[in-house]
Amino acid sequence: MTGGTEGADIPIRRVELISYLVLLAMALIGWLLLSPLAGISVLIGGFVVILSFQWLKRDAVRLSLNPTKQAKIRFMLKCLGRLVVLGLLFYYLVRYQQLHIPGFLVGLATVQIGIVLATISKMKRLLKEA
């Protein structure tokens with residue numbers, strides 16, 4: 001890395017761990033404060049988005065090991081395919097399953113919250129070192 005940002009990388013495993021912890025906490029809160037259905041809906045949304053994140057990570061690692069034009073096209077097609085599959089899965093879950101929709105949507109935010117919390121944690125550590 002250049003520009004004085006050495007050591008500023010946030011490990012993906014840390015984001016995944018934080019995302020799982022956030023998911024469990026939000027599901028428990030949803031279960032206790034709203035209903036068991038809300039907690040289960042948070043879990044379903046969270047597991048879907050975390051699995052998608054892990055598949056994206058796996059494909060990105062493969063692309064970084066083989067950054068040819070053909071590999072880039074394959075990566076983009078897989079991303080598009082993943083979005084289509086997720087869209088169809090979301091449609092099915094919302095349309096045909098009894099879900100607590102706000103809870104499901106909160107579950108979908110777990111990876112974003114994990115990224116934000118991992119970034120804040122890393123920033124605090126970098127500021128203490130400075």
Side-chain angles (χ1 to χ4, degrees):
M1 299 203 87
T2 60
T5 59
E6 293 161 1
D9 293 337
I10 299 170
I12 298 297
R13 305 223 9 110
R14 183 169 179 80
V15 170
E16 289 173 336
L17 174 64
I18 292 172
S19 296
Y20 278 118
L21 294 174
V22 166
L23 174 60
L24 292 175
M26 290 190 316
L28 183 61
I29 290 168
W31 183 289
L32 295 174
L33 294 182
L34 298 173
S35 70
L37 180 62
I40 291 169
S41 297
V42 170
L43 281 176
I44 291 170
F47 282 132
V48 166
V49 77
I50 289 172
L51 286 174
S52 176
F53 181 72
Q54 289 173 341
W55 288 332
L56 178 62
K57 177 186 79 168
R58 182 195 65 199
D59 291 342
V61 167
R62 286 182 182 166
L63 176 62
S64 70
L65 297 174
N66 180 24
T68 63
K69 184 176 180 179
Q70 190 176 32
K72 291 176 186 176
I73 292 170
R74 189 177 320 115
F75 176 78
M76 295 305 289
L77 289 174
K78 283 184 176 184
C79 286
L80 181 60
R82 185 175 18 265
L83 287 175
V84 169
V85 168
L86 284 173
L88 292 172
L89 179 63
F90 292 165
Y91 175 77
Y92 174 79
L93 287 172
V94 170
R95 176 75 173 101
Y96 297 108
Q97 299 296 315
Q98 275 196 324
L99 286 177
H100 185 264
I101 301 302
F104 179 71
L105 294 174
V106 166
L108 292 177
T110 55
V111 171
Q112 290 85 352
I113 294 169
I115 291 169
V116 168
L117 291 176
T119 302
I120 290 170
S121 172
K122 185 66 174 190
M123 292 291 289
K124 282 182 177 180
R125 277 187 260 132
L126 288 174
L127 289 174
K128 282 183 181 179
E129 293 174 6

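In this text, all values refer to a predicted model and were calculated from it rather than measured experimentally. Side chains are part of it too, since the values below use all heavy atoms of this structure and drop only hydrogens, waters and symmetry mates. We count residues from 1, following the sequence as given.
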(message) Assess the residue pair K57 and E16 against the criterion (side-chain contact (heavy atoms from CB on, under 4.5 Å)); give the C-alpha distance rounded to whole Å, side-chain angles, the decisive distance to 0.1 Å, and a yes or no.
(response) CA-CA 11 Å; K57 177 186 79 168; E16 289 173 336; 3.2 Å; yes

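- In this structure, the side chains of W31 and V42 stay at 4.5 Å or more apart for every pair of heavy atoms.
- L99 and I29 fall into different hydrophobic clusters, where Ile, Leu, Val, Met, Phe, Trp and Tyr side chains are chained together by heavy-atom contacts under 4.5 Å.
- Rounding to the nearest 0.5 angstrom, the gap separating the CD1 atom in I12 from the CD atom in Q54 is 11.0 Å.
- Note that CG of L117 is 11.5 Å distant from CD of Q112, once rounded to the nearest 0.5 Å.
- Taking all atoms of both residues into account, the shortest heavy-atom contact from G30 to A38 is O-CB, 3.8 Å.
- For R14 against S121, the heavy-atom pair with the smallest separation is NH2-OG, 3.0 Å.
- In this structure the side chain of T110 never reaches within 4.5 angstrom of the side chain of Y20, judged on heavy atoms.
- In terms of hydrophobic clustering, with Ile, Leu, Val, Met, Phe, Trp and Tyr side chains grouped at heavy-atom distances under 4.5 Å, I101 and L108 are assigned to a common cluster.
- Between R125 and K128 there is no side-chain heavy-atom pair separated by less than 4.5 Å.
- Summarising the geometry of G114 relative to I18, their closest heavy-atom pair is CA-CG2, 3.7 Å, with the distance given to 0.1 Å.
- Note that CD1 of I73 and CG of L63 are 11.0 Å apart. Values are rounded to the nearest 0.5 Å.
- Annotation: side chain of L88 is not in contact with side chain of Y92 (no heavy-atom distance under 4.5 Å).
- In this structure, CD1 in I115 is found 12.0 Å from CD1 in I120, a value given to the nearest 0.5 Å.
- Both I50 and L89 belong to a common hydrophobic cluster when Ile, Leu, Val, Met, Phe, Trp and Tyr are linked at side-chain heavy-atom distances under 4.5 angstrom.
- Between the CG atom in L56 and the CG atom in L51 there is a gap of 12.5 Å [rounded to 0.5 Å].
- Remark: I44 CD1 to L93 CG distance equals 6.5 Å, nearest 0.5 Å.
- Among all heavy-atom pairs drawn from L86 and S52, the shortest one is CD1-OG, 3.3 Å.
- Note on F53 and L17: separate hydrophobic clusters, where clusters join Ile, Leu, Val, Met, Phe, Trp and Tyr whose side-chain heavy atoms are under 4.5 Å apart, directly or indirectly.
- Taken together through direct or relayed side-chain contacts under 4.5 Å among Ile, Leu, Val, Met, Phe, Trp and Tyr, F47 and L28 form part of one hydrophobic cluster.
- Between R74 and R62, the closest side-chain pair of non-hydrogen atoms is not below 4.5 Å.
- When all heavy atoms of L23 and G46 are compared, the closest pair comes out as CD1-CA, 3.6 Å.
- Enclosure of atom CD in Q70 is not indicated, since only 12 or fewer non-hydrogen atoms of other residues, nucleotides or ligands lie within 6.0 angstrom.
- Between I113 and M26, the closest side-chain pair of non-hydrogen atoms falls below 4.5 Å.
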